[in-house]
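Structure, as structure tokens:
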Amino acid sequence: MHEWALAEAVLYSVKKRKRRKRIEIKLRVGEMQQIDLKILRFALKELAKLEKIELRVRIRIEKTLVKCRVCGYEFGVSSFLKKLKITKREAIHFIPELFSAFIKCPKCGRQDLEIKGGRGVWIEEVR
Amino acid sequence: MDRRSKMIDPRVNIISERLKKIKRILVVVSCKGGVGKSSFASILSLTLSNFGYKVGLLDLDFFGPSTHLILGIKRLRFKEERGVVPIVFKNIKFISLVLWAKEYAIPFRGKEASNAILELLSITRWGNLDFLIVDMPPGIGDITLDVLKLFKRGEFILVTTPSPLSLEVIKRFVKLLRKNGAKIIGVVENMRRRKFKLKREEIKKLKLKILASIGFENKFEEDLGNSKKLMETKFAEEVKKFIKEHLLK
């Protein structure tokens with residue numbers, strides 16, 4: 001599962017900053033990547049157990065906002081993602097930037113799109 | 001201050017872990033397109049694999065990915081196991097954005113390309129490799145600058161044709177690469193014809209070695225997509241020579 005690779009990356013970053021047995025982290029997860037939060041939490045806990053770390057995880061979903069660089073139109077992506085075939089949704093799950101290969105601006109139809117927010121996994125806080 | 005700047009991107013830290021079991025990273029670059037860079041990267045991967053080395057090939061030419069076409073990789077399905085497991089073709093571990101984008105063009109600006117590279121490198125499980133060959137887009141752009149930053153052990157191989165126009169472009173290109181910390185192991189001259197070759201003294205002035213000089217082959221284009229036939233070309237012979245005389249010394 002891709003979520004395991006992300007969990008590994010998160011835990012690796014956290015361990016570099018805090019060498020403690022009890023760590024609390026706050027994650028911001030972008031909507032675009034369609035991360036399975038259940039799997040992400042499970043993976044984080046399991047990986048932390050292997051390191052003998054007691055990990056507390058809080059996750060916040062950030063809604064994705066896309067902006068067309070041509071006409072300036074800004075739009076959300078949930079309705080677009082739902083309409084895509086599973087193979088394309090999966091491609092975006094792995095490489096979110098690929099959305100611009102599959103989605104056009106609903107206003108002008110161009111594919112010069114920028115993700116303004118709600119992309120990827122970020123560690124907001126480590127305590 | 002923007003709150004986002006205080007946040008940690010976990011991808012950046014894990015990349016060195018993902019790459020740590022790779023002994024050497026060879027980055028194949030060119031100043032211009034159409035010089036045979038991807039062909040060189042592909043045949044280099046095949047040849048090293050035939051020599052018994054563990055090889056990976058990473059196609060970062062997002063705008064014109066072609067290594068899968070050169071090698072004749074038809075089945076573009078990767079496995080997932082706690083990350084992305086590269087597909088294996090002729091014992092070469094292979095990753096390219098085409099595994100996801102398929103036949104769709106990839107309209108990336110710099111920021112998108114940088115993010116895609118971070119994503120690819122942070123989720124791909126290469127395992128133990130003797131060589132990772134990286135096929136780059138032509139010129140120096142965001143992707144080259146990202147690779148300079150992320151592949152600190154990268155060894156650059158510059159592929160060029162003997163066109164008189166090449167030399168001036170090479171000089172600028174090499175200067176820029178070196179300013180940005182690149183270790184350039186040398187130049188591969190491709191599509192050489194009898195009276196048409198790179199001025200050796202000029203290359204020497206740049207303190208560069210000519211690693212291989214590959215003659216123009218009429219038949220070469222016909223063999224693209226057939227890895228068995230590619231290995232029977234004069235191109236492949238020169239790559240074998242390069243490996244024995246420069247890479248394995």
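Because the structure is predicted, anything quoted here is derived from the model rather than measured. Computation of the quantities below employed the complete heavy-atom set of this structure, encompassing side-chain atoms and omitting hydrogens, waters and symmetry-equivalent molecules. A, B, ... follow the sequence lines: proteins, then strands. Residue 1 opens every chain.
The nearest pair of heavy atoms linking B:I92 to B:G56 is CG2-C, 4.3 Å.
Neither the backbone nor the side chain of A:L11 comes within less than 4.5 Å of any heavy atom in chain B. With a 4.5 Å cut-off on non-hydrogen atoms, B:A101 touches chain A through its backbone and its side chain both. Residue B:I15: no heavy atom, backbone or side chain, is found under 4.5 Å from chain A. With a 4.5 Å cut-off on non-hydrogen atoms, A:V14 does not touch chain B at all. Looking at A:I115, the atoms closer than 4.5 Å to chain B (heavy atoms on both sides) all sit in the backbone: N, CA, C or O.
Between A:F80 and A:F99, the distance separating the two ring centers is not shorter than 6.0 angstrom. Between B:F62 and B:F108, the ring centre distance stays below 6.0 Å. Checked against a 6.0 Å centroid threshold, the rings of A:F94 and B:F78 count as neighbours.
The choice from B:K102, B:R125, B:R109, B:K111 that makes the most heavy-atom pairs within less than 4.5 Å of chain A is B:R109. When each of A:I92, A:L98, A:I123 is checked for heavy-atom pairs under 4.5 Å with chain B, A:I123 comes out on top. Of the listed residues A:P96, A:G120, A:A43, A:A9, the one with more heavy-atom pairs under 4.5 angstrom with chain B than any other is A:A9. In terms of heavy-atom pairs under 4.5 angstrom with chain A, the leader among B:L97, B:N13, B:D9, B:T124 is B:N13.
Using a distance-only test at 3.5 Å, with no hydrogens or angles considered, no donor-acceptor pair links the side chain of A:E3 to the main chain of A:L37. At least one donor-acceptor pair under 3.5 Å links the side chain of A:T64 to the backbone N or O of A:M32.
Between A:H93 and A:H2, the ring planes lie perpendicular to each other; the angle is over 60°, past the 30° to 60° tilted range.
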